[in-house]
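Chain letters run A, B, ... following the sequence lines, proteins first, then strands; residues in each count from 1. From a predicted model like this one, the values you see are computed outputs, not experimental measurements.
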There are 2 protein chains.
Amino acid sequence: MDQLSAMRAFVRVVETGNFTRAADSLQMPKATVTNLIQNLEKHLQTKLLNRTTRRVIVTTDGALYYERAAQIVSEVDELDASLAQAQNNPGGRLRVEMSGAFADWFVIPALGGFYEKYPDIQIDIGIGDRTVDYLAENVDCALRGGAPADQSLIARRVAEVGLMTCAAASYLKRAGIPESPADVQANHHCVSYFVAAKGRTNPMTFRKDGEEILVDGRYHCSVNDARSYVAAVLAGHGIAQVPDFMVREELERGDLVPVLAEWSADTIPLYIVYPPNRHLSNKVRVFVDWLVRLLADIPAPGQS
Amino acid sequence: MDQLSAMRAFVRVVETGNFTRAADSLQMPKATVTNLIQNLEKHLQTKLLNRTTRRVIVTTDGALYYERAAQIVSEVDELDASLAQAQNNPGGRLRVEMSGAFADWFVIPALGGFYEKYPDIQIDIGIGDRTVDYLAENVDCALRGGAPADQSLIARRVAEVGLMTCAAASYLKRAGIPESPADVQANHHCVSYFVAAKGRTNPMTFRKDGEEILVDGRYHCSVNDARSYVAAVLAGHGIAQVPDFMVREELERGDLVPVLAEWSADTIPLYIVYPPNRHLSNKVRVFVDWLVRLLADIPAPGQS
DNA sequence: TTTCACTATTCGAATTTTCGAATAATAAGC
DNA sequence: GCTTATTATTCGAAAATTCGAATAGTGAAA
C-alpha cells in the first residue's frame, strides 16, 4: 500500500469532511480514495472514519491519527519543496577541481561576479592535477587541460590555451640562444612538466610548415603545477613551453625572452569535466555556464 | 510512486551503503529498490546517490535529504506503532450509552474493577433512553433493554431482567388490592413507562398458563427513567411492573408490596449494541467483555 | 593485462493498483 | 411516506508496479 498517499487522502477527507471533495482536490477518482482509506484502516487495524453514504465522521482514533498524519504529510511536502527550491535557487557547497594556475589567473579573480549572482553557493576549489575520485570526494566538476582519459565522464571543451616557448634572460645569457629544436635537445636544459596521472613528462612540441618535432630534453627540475613551472623558468632552470597568459608581464619586463619564435608550440584544449549524472544539479549547471562565459574571454592562442 | 517506500528504501541504502543489503533488510527484491530510488530521484529532480555497480556514495543533496527523510520515516513508524499499541494496551475515551438504572445499579458500582485492569481508559457514560446518533456523537456502544429497532446495529444479548408487579403499601391501602389484570385495567391507576423513541407507553403484561393479558391502564404519571419510575411507584402513584433488582430492599422493608403474584410479568432482554465497525477497537472489545461478565451475575428472573 | 567476484540494472511475467461507470444506500424535501 | 438528490462503495478493464532471473558493469587480485 502507498501509505503516504493513503495518509494524504485521509487528511484531505477529514479536512473536507467528504470523500468526493477530497478526491476532487487530490485529483484522483473517488474509488481510489475509498480504497486507500480502507487499506489504511486495515493496516492500522482501526476504524478511522465512520461513514454512511451521506456523512463522514471522524472516530476518536481517527482524530488522533489526523493530527500527526497531517503534520507528517506537510513535513514531506516541505522537504520535497526544499529540494525543488534548491534547484531553482541553487545553493550549498559546490566541489570543483582545477589546476592552481587557472584558479589564480581566471577563476578566483572573477569569482566575485559569481557570488553576486548566486550568493548561496559556496565553492570548494580543489587544486591539483591528480585524477580525483569524483564519486568518493563528491566532486561536482573539474577544469582540466587535455581530453580526459576516462570515457565515462562528460567533457565539454571551453577554451584553447596557447603555449609559448621561452626562457629566462639570465639563462639565455649563460647558456646561449638555441637555434633549432635539435639544439634545445642537444645543448640545453629544459624545465619539465610532468603529469602525475600519466607518470611521465610532457615533451615540448615544435611545429613549422607541417613539420613537428618533439623535444624531451634534459632537465634539472620537473614540476606538475603551472605556477611553479613558471617560477622554475624564471629562476633560469631552462627552456620551457609555458601558457602564454601566465607570462605576459614577464615578457614585457624582459625577465623572460621568447625562444625559437618561428616554431609554434602546441595548444592545450581546456575541458570542463563532470560525471554523467542523470540529473545534473542546477547548482553545477549555473557554475559551468558561468565558467564557460568566463573562459570564452581568454584570448585565442597567438593573439596575445 | 509510493514515496514513503521510496524514502524507506533510500534511507536504508544510505545506512547500509549498499542496494543489496538494503533490499535484504527491507525484504524486497533488489530490482524494487533500484526502481524506487530512480523514481524518487526523478520526483525530486536530483541525484541522491552516485553509484557504480560496486559502490554507492551519497551526494550532498542526498545527505541533506537523508537527514530529514530518516526522521520522517521514523515518525510514521512511531505513529503506526502508537495506534497498534493502543490496540494492545487500550486507552483513551470510551463513549457508552445506557439507562441511569443500569448505570447506578451495576456499572458504576463495579467500575472500580474495570479501572484497575485498564487504567488508561476513560469512560463517558451517557444516560438516557434516547436513540443517539452513534456516528455523530462517536458512541462506542450502548446497553439497551429490548432488541434495537435499527437492524444495522450489532446487538449482543447479555442478560434478562425480570419485572415484578407491585405497588406501594400506601397505595394499596388507599385503592385496594387488585384481584386480576382486568381489575387493574378497570379500577386502578398505574405508573407508566414510556419510550421516547417509540412515542408510546409500555403496557404491562400478565402471563399465566399460556394466557397473556396486556394492560394499558390509566395513569397520573409516566416517566422514561427506571429510577424515577420506581420513585413514582414508591410515592404511591399506582401499580407498576418494575425491574426486580431495583426494588429488593423496598419489598423487604414492606414499602412496596407484590401484586397479582400468580401472574408473571414479561422479562426484558438486555442487549449491548454497537455499530458494525469493520475493526472493532480493542478498547470497546475489552469493555464489552467486562460488561458481559458483570451482567452475567444478574440473578435470572424469578430467582430473586 | 586478464580474470574473477560482486553489485546495480534491465527485462518480461505476474500481481496489484488505479480508474470510470454502475450500484447501493441515505437523508432531506415535498 | 415517498421521491429525489447526493454520496460511498463495488466492479471489471486498463495501467502500473513488483518480482525473480538474466545482464552488464566495476574494481581488485592474479
Side-chain angles (χ1 to χ4, degrees), chain A residues 1-10 12-14 16-43 47-59 62 131-136 149-153 199 275-278, chain B residues 1-6 8-10 12-14 16-43 47-59 62 131 133-136 149-153 199 275-278:
Chain A
M1 183 204 41
D2 184 346
Q3 194 177 349
L4 194 69
S5 298
M7 289 167 76
R8 280 207 169 86
F10 171 69
R12 216 44 167 276
V13 168
V14 171
T16 61
N18 187 301
F19 275 56
T20 305
R21 276 200 295 276
D24 284 350
S25 88
L26 290 168
Q27 307 201 59
M28 52 169 71
K30 291 172 288 185
T32 304
V33 176
T34 297
N35 235 344
L36 284 172
I37 288 189
Q38 282 179 355
N39 284 342
L40 187 60
E41 289 181 332
K42 203 182 297 169
H43 171 69
K47 193 144 221 231
L48 297 172
L49 299 167
N50 275 320
R51 39 199 190 275
T52 69
T53 56
R54 294 284 290 181
R55 278 189 307 170
V56 172
I57 288 149
V58 188
T59 63
T131 44
V132 298
D133 186 335
Y134 282 76
L135 273 48
D150 191 339
Q151 290 294 344
S152 74
L153 297 173
N277 285 354
R278 217 174 297 237
Chain B
M1 181 205 41
D2 184 344
Q3 194 177 351
L4 194 69
S5 297
R8 280 207 169 85
F10 170 68
R12 217 44 169 275
V13 168
V14 171
T16 62
N18 185 300
F19 275 56
T20 304
R21 276 200 295 276
D24 283 349
S25 88
L26 291 167
Q27 306 201 60
M28 52 170 71
K30 292 172 287 186
T32 305
V33 176
T34 297
N35 235 343
L36 284 172
I37 289 189
Q38 282 179 355
N39 285 342
L40 187 60
E41 289 181 332
K42 202 182 296 167
H43 171 69
K47 193 145 221 231
L48 297 172
L49 299 167
N50 274 320
R51 39 200 190 276
T52 69
T53 56
R54 295 284 289 181
R55 278 190 305 170
V56 172
I57 289 148
V58 187
T59 64
T131 45
D133 186 335
Y134 283 75
L135 272 47
D150 191 339
Q151 290 295 343
S152 75
L153 297 174
N277 286 353
R278 217 175 296 238

[X] has an atom [atom1]; how far is it from atom [atom2] of [N], in whole Å?
X	N	atom1	atom2	result
A:I37	D:dT7	CD1	P	16 Å
A:L49	D:dT7	CG	P	16 Å
A:I57	D:dT7	CD1	P	14 Å
B:R55	C:dT7	CZ	C1'	13 Å
B:N50	D:dT26	CG	P	13 Å

Touch check for B:V33, heavy atoms < 4.0 angstrom, all strands: base, sugar-phosphate only, or nothing? nothing
What pairs of donor and acceptor atoms, side-chain ones from residues 17-30 of chain B against any protein atom, are under 3.5 angstrom apart with sequence neighbours left out?
from, atom 1, to, atom 2, distance (Å)
B:N18, OD1, B:T20, N, 2.7
B:N18, OD1, B:R21, N, 3.0
B:R21, NH2, B:T16, O, 2.9
B:S25, OG, B:R12, NE, 3.2
B:S25, OG, B:A22, O, 3.3

Below 4.0 Å: OP1/OP2 of D:dT9 and any side-chain N or O of A:R51: yes
Distance in Å, A:Q38 CD paired with A:L36 CG, rounded so as to fall on 0.5 Å steps: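 Here the interatomic distance stands at 10.0 Å.
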To the side chain of B:T34, which of C:dT9, C:dA5, C:dT26 is closest? C:dT9
Which nucleotide sits closest to the side chain of A:R54: D:dT7, D:dT26, D:dA8? D:dT7
Throw together a table of side-chain donor-acceptor distances under 3.5 angstrom for residues 2-9 of chain A, partners on residues two or more places apart or in other chains.
from, atom 1, to, atom 2, distance (Å)
A:D2, OD1, A:L4, N, 3.3
A:D2, OD1, A:S5, N, 3.2
A:D2, OD1, A:S5, OG, 3.4
A:D2, OD2, A:S5, OG, 2.6
A:Q3, NE2, B:D80, OD1, 3.0
A:Q3, NE2, B:D80, OD2, 3.0
A:R8, NH2, A:D77, OD1, 2.3

Can you name the side chain to side chain donor-acceptor pair (under 3.5 Å) partners of A:N35, sequence neighbours left out? none
Could you check whether any side-chain heavy atom of A:H43 comes within less than 4.5 Å of a side-chain heavy atom of A:N39, counting everything from C-beta outward?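 Not touching, per the 4.5 Å side-chain cut-off.
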Is A:L49 close to A:V58 at the side-chain level, that is, under 4.5 Å between some pair of heavy atoms? yes
Note: contacts of residues 17-26 of chain B with DNA chain C (heavy atom, under 4.0 Å) are B:N18, B:F19, B:T20
So which protein N/O to nucleotides 18-21 of chain D N/O distances come out below 3.5 Å?
from, atom 1, to, atom 2, distance (Å)
D:dC19, OP2, B:T32, OG1, 2.8

